[in-house]
**Q** 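What follows is a structure written as structure tokens; I'll ask about it next.
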Amino acid sequence: MISVIIPTYQSPEALDLCLTSCIEGQSLKNQIIVVVDGFYDINKEVLEKYAESIDILNLEDNVGLCRATNLGVYNAKYELILIVNDDNVFPQNWDKNLLKDYIPNAVISPNQIEPTPSIFSQFHIKDLGKSVDEFDLKRFQEYEKALNDVTYEKKIEETGSTLPIFMSKVDYLKVGGWDENYQDGMVADWDFFLKCQLSGMKMLRTYSAHFYHFASLSVNGNKRKNAEVQGHEYAKYKWSSYIKHNSQNNLKFL
């Protein structure tokens, strides 16, 4: 069994699709924690729709992505956790496929399908919809299944360090989880992956499951850019150096 942590903010349409795919695509009765980071009323209709299948952690106030994620993990009742953004779509049999690839002391990233080119060369680029309204869940499921039937030289490789992340709760807590000092969560993922690497964890990617990601939904103009700049500056303050990204294996270094 897996405890799934889904922080959400002000995207009820994306959350609706995320939860539909998560619940319909699971083979087991997993724990699904939706962490409502403020703005409960905006998400109320969607949350009530899935109330029997999810655990709702209502934070009441907006505390930020990093703290919301940490609080979700603290409430996980199973040993293994999966952290997923609400603008992700789950494939069929996602839990069964992830569980068969799990190894201790590792951070496992299921590969992603995105509609536009990415800095992550491992991502599969296929436009199945740039918005929730354009997206066809059944079409995605059929495409993802066919993609998994392709024979890869490596079903698992050391090119992780991207979201979503699948790992043990103990390993997450061992490195302190997300650093809550990062504004809007920007650069916090790089910081987290760096901490995991420094603690000796393997950073793995599995091609047994592909999650869809509406990359364009997370873009928020100047506010996002400013938060990213501040995130990098905080990382420099914390580590005495900017965190850098290896474009070949996605590892982070100083």
**Q** Give a yes or no on whether the backbone of Thr159 and the side-chain of Arg205 come within a donor-acceptor separation of less than 3.5 Å.
**A**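 Checking the backbone N and O of Thr159 against the side chain of Arg205, a donor-acceptor pair under 3.5 Å is found.
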**Q** Taking the inter-plane angle between the rings of Tyr212 and Phe214 on a 0 to 90° scale, is it parallel (under 30°), tilted (30 to 60°) or perpendicular (over 60°)?
**A**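 Taking Phe214 first and then Tyr212, their aromatic rings stand perpendicular (interplane angle over 60°).
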**Q** Are side-chain N/O atoms of Tyr207 and Gln122 paired as donor and acceptor at under 3.5 Å?
**A**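 Looking only at side-chain atoms, Gln122 and Tyr207 do not form any donor-acceptor pair under 3.5 Å.
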**Q** Please verify the inter-ring angle class for His232 with Trp190; under 30° counts as parallel, over 60° as perpendicular, anything in between as tilted.
**A**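 The rings of His232 and Trp190 stand perpendicular, inter-plane angle above 60°.
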**Q** Does a donor on one side chain and an acceptor on the other come within less than 3.5 Å for Asp189 and Trp178?
**A**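 Distance-only check fails for Asp189 and Trp178.
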**Q** Using a 3.5 Å distance criterion without hydrogens, assess whether the side chain of Ser11 forms a donor-acceptor pair with backbone atoms of Ala14.
**A**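 No: the side chain of Ser11 does not pair with the backbone of Ala14.
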**Q** So, Glu144 and Asn148: side-chain donor and acceptor under 3.5 Å apart, yes or no?
**A**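 On atom types as modelled, these side chains qualify, holding a pair under 3.5 Å.
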**Q** For the pair Asn70 (side chain) and Gly177 (backbone), establish whether a donor and an acceptor sit closer than 3.5 Å, ignoring hydrogens and angles.
**A**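 No, Asn70 side chain to Gly177 backbone: no donor-acceptor pair under 3.5 Å.
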**Q** Between Lys195 (side chain only) and Val175 (backbone N and O only), is there a donor and an acceptor less than 3.5 Å apart?
**A**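 Answer holds: yes.
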**Q** Tyr234 vs Tyr182 aromatic rings, parallel, tilted or perpendicular, using cut-offs 30° and 60°?
**A**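 Ring orientation of Tyr234 relative to Tyr182: perpendicular.
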**Q** Looking at Lys155 and Asp101, is there a salt bridge between them, counting it only when a charged N and a carboxylate O are closer than 4.0 Å?
**A**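 Salt bridge: no.
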**Q** With a 3.5 Å distance limit and no angle check, can you tell me whether Asp61 reaches the backbone of Val63 through a side-chain donor-acceptor pair?
**A**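 Absent.
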**Q** Can a donor-acceptor pair be found, under 3.5 Å and without considering hydrogens, that links the side chain of Asp37 to the backbone of Gly64?
**A**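 Checking the backbone N and O of Gly64 against the side chain of Asp37, a donor-acceptor pair under 3.5 Å is found.
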**Q** Can any side-chain N or O of Asp184 pair as donor or acceptor with the backbone N or O of Met186 at less than 3.5 Å?
**A**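 No.
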